Asks: 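Below is the structure I would like to discuss, written out as structure tokens.
Quick caveat: nothing in here was measured; it's all calculated off a predicted structure.
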Amino acid sequence: LSLSLTACGGGQQGGDQQKQEGANPPAAGNVRTIRAGIGLNDQHPQFKGLEKFKEIVERDTNGSIVVENYHSGQLGDDRAMMEALQLGTQEMTCPSTAPIANFVPGFSVFDIPFLFPNEEVADQVLLKDPVGQELLDMLPEQGMVGLAYWENGFRDLTNNKHEVKTVADFKDLKIRTMENKLHLAAFRALGANPTPMAFSELFTAMQQGTVNGQENPIATIYLQKYNEVQKYLSLTHHVYSPFVLLLSKKFWDESTPEEQEIMKKAAQEAGDYERKLVREANGEYVDDLKAAGMTVTEITEADRAEMKKVTDAVLPQFVDTIGKDIVDKVTTAVENASK
Ligand code: TF8
């Protein structure tokens, strides 16, 4: 019975006319499993957030939905996992918005360098302004449902060649970026030599010198032990990366309205918890990275403004792809939240 229910599921395309409410509610006693996979390791707050999600969902559905969490790319990299969600062969993942932009280009609005001045403004735009939900609403036609924003965080630059303080210092650094066109263009504009690469290949690439550097939030740099292969850390804060907790549309459509409500609420609660853990640990992680021998460089406001000027120049070529409407709504929301 459970097999036939799964096989009859609504299909991954948004165009099908099946009503969500009636779509294949689980038979009594039928347990369905969410396999959730992420690229980061189990020490990262993101994994602890998934554990929280599991706890809430299993409790509130009385075990009709079971959650199995996988870390360190055990189920594949971001792109492979999103494709598996579209096919309905995996149920959940939690990528940064930058790789999601390859599926829904509007999410690239968050790739605009130096868009958010601080975490409070990011929270306001993502969690309170309607544009946050408007972007999530674009996911179902790609076979995915965005349950909530979580936090990867402000991205900082590491490398093993020399200290990076100013725009001039990016020159000749081979930097791994996420698979995202705006990131590539921004680092090229800064004078670096960027190369896109899946996260799972990054550590080895740094170790073997295929790339000189990378950029990720402090928690990732510390918990993935990048200090073992990188000497210099610059607190550039050049991009704020949200995570989105994604569920396959197939699993969503096969859930009852009650289960959908439980998953949505659990995603938000676990996200609040995850955000709190990320923020609490940041300061400590910077100290630990210094103690581990990294040279940590603060960026002056003047140098950051110079970097922004350089990266702003590449934005016009991306406005049409992102959607002018989305760019305007997000920049207005940032302005309002910054007042
Ligand atoms: C990256 C991202 C990653 C996440 C994660 C692996 O650099 O920042 O942390 O997308 O899913 O690839």
Asks: May I ask you to decide whether Lys276 forms a salt bridge with Asp272, counting only side-chain N to carboxylate O separations under 4.0 Å?
Replies: no
Asks: Pairs of donor and acceptor atoms involving the side chains of residues 121-132, under 3.5 Å and at least two apart or interchain, shall be tabulated with distances.
Replies:
residue : atom : partner : partner atom : Å
Asp123  : OD1  : Arg279  : NH2          : 2.9
Asp123  : OD2  : Arg279  : NH1          : 2.9
Asp129  : OD1  : Val131  : N            : 3.0

Asks: Return all side-chain donor-acceptor pairs below 3.5 angstrom for residues 203-211, not counting sequence neighbours, or 'none' if the list is empty.
Replies:
none

Asks: Is it the case that the side chain of Glu58 and the backbone of Val67 share a donor-acceptor pair, with hydrogens and angles ignored and the cut-off at 3.5 Å?
Replies: yes
Asks: Quick one: does any side-chain atom of Asn193 pair with a main-chain N or O of Leu173 as donor and acceptor, under 3.5 Å?
Replies: no
Asks: Taking the side chain as every heavy atom from C-beta outward, state whether Tyr285 and Leu223 have any pair of such atoms under 4.5 Å apart.
Replies: yes
Asks: Among Thr220, Val229, Asn216, find the residue that satisfies the side chain to side chain contact (heavy atoms under 4.5 Å, CB included) test when tested with Leu202.
Replies: Asn216
Asks: Could you measure the distance from the CZ atom of Phe187 to the CD1 atom of Ile175? Nearest 0.5 Å is fine.
Replies: 6.5 Å
Asks: Less than 4.0 Å between a side-chain N and a carboxylate O, is that true for Glu259 and Arg32?
Replies: yes
Asks: Give, for atom NE2 of His237 and atom CD1 of Ile218, the distance between the pair rounded to the nearest 0.5 Å.
Replies: 7.5 Å
Asks: If you measure from CG on Leu139 to CG on Leu136, what distance do you get to the nearest 0.5 Å?
Replies: 6.0 Å
Asks: Does NZ in Lys54 sit with more than 12 non-hydrogen atoms of other residues, nucleotides or ligands closer than 6.0 Å?
Replies: yes
Asks: Taking the side chain as everything from C-beta on, heavy atoms only, tell me whether Gln142 gets closer than 4.5 Å to Leu246.
Replies: no
Asks: Near Lys165 NZ, under 6.0 Å, is it more than 12 heavy atoms from other residues, nucleotides or ligands?
Replies: no
Asks: Do Asn118 and Ser338 come close enough that some side-chain heavy atom pair is under 4.5 Å?
Replies: no
Asks: Any ion pair linking Glu68 and Arg35 (charged N to carboxylate O, less than 4.0 Å)?
Replies: no
Asks: Checking Thr33 side chain against Val66 main chain: does a donor-acceptor pair fall under 3.5 Å?
Replies: no
Asks: For the pair Lys48 and Glu51, evaluate salt bridge (Lys or Arg N to Asp or Glu O under 4.0 Å) and give the outcome as yes or no after the intermediate values.
Replies: CA-CA 5 Å; Lys48 301 187 191 327; Glu51 294 286 280; over 6 Å; no
Asks: Both conditions, 6.0 Å and 45 degrees, for the charged tip of Lys52 above the ring of Tyr273: are they met here?
Replies: yes
Asks: Who else is in Met81's hydrophobic cluster (ILVMFWY, side-chain heavy atoms under 4.5 Å, direct or via others)?
Replies: Tyr70, Leu75
Asks: Going by atom type alone, with no hydrogens or angles, which donor-acceptor pairs under 3.5 Å involve a side-chain atom of residues 292-300 and a protein atom two or more places apart or on another chain?
Replies:
residue : atom : partner : partner atom : Å
Thr297  : OG1  : Glu163  : OE2          : 2.8
Thr300  : OG1  : Asp303  : N            : 3.0
Thr300  : OG1  : Asp303  : OD2          : 3.1

Asks: Any pair with a residue in residues 101-116 that passes side-chain hydrogen bond (donor to acceptor under 3.5 Å, both in side chains), sequence neighbours left out, goes on the list, sorted by first then second residue, please.
Replies: Ser108-Asp111, Asp111-Asn180, Asp111-His183
Asks: Would Lys339 and Glu335 pass as an ion pair if we require N to O under 4.0 Å?
Replies: no
Asks: Evaluate the side-chain proximity of Ile34 to Phe53: yes if any heavy-atom separation is below 4.5 Å, no if none is.
Replies: yes
Asks: Just to verify, which of Gln268, Met92, Lys265 counts as forming a side chain to side chain contact (heavy atoms under 4.5 Å, CB included) with Leu147?
Replies: Met92
Asks: For residues 239-248, which residue pairs qualify under side-chain hydrogen bond (donor to acceptor under 3.5 Å, both in side chains), counting only residues two or more places apart or in two chains?
Replies: Glu151-Tyr240, Arg155-Ser241
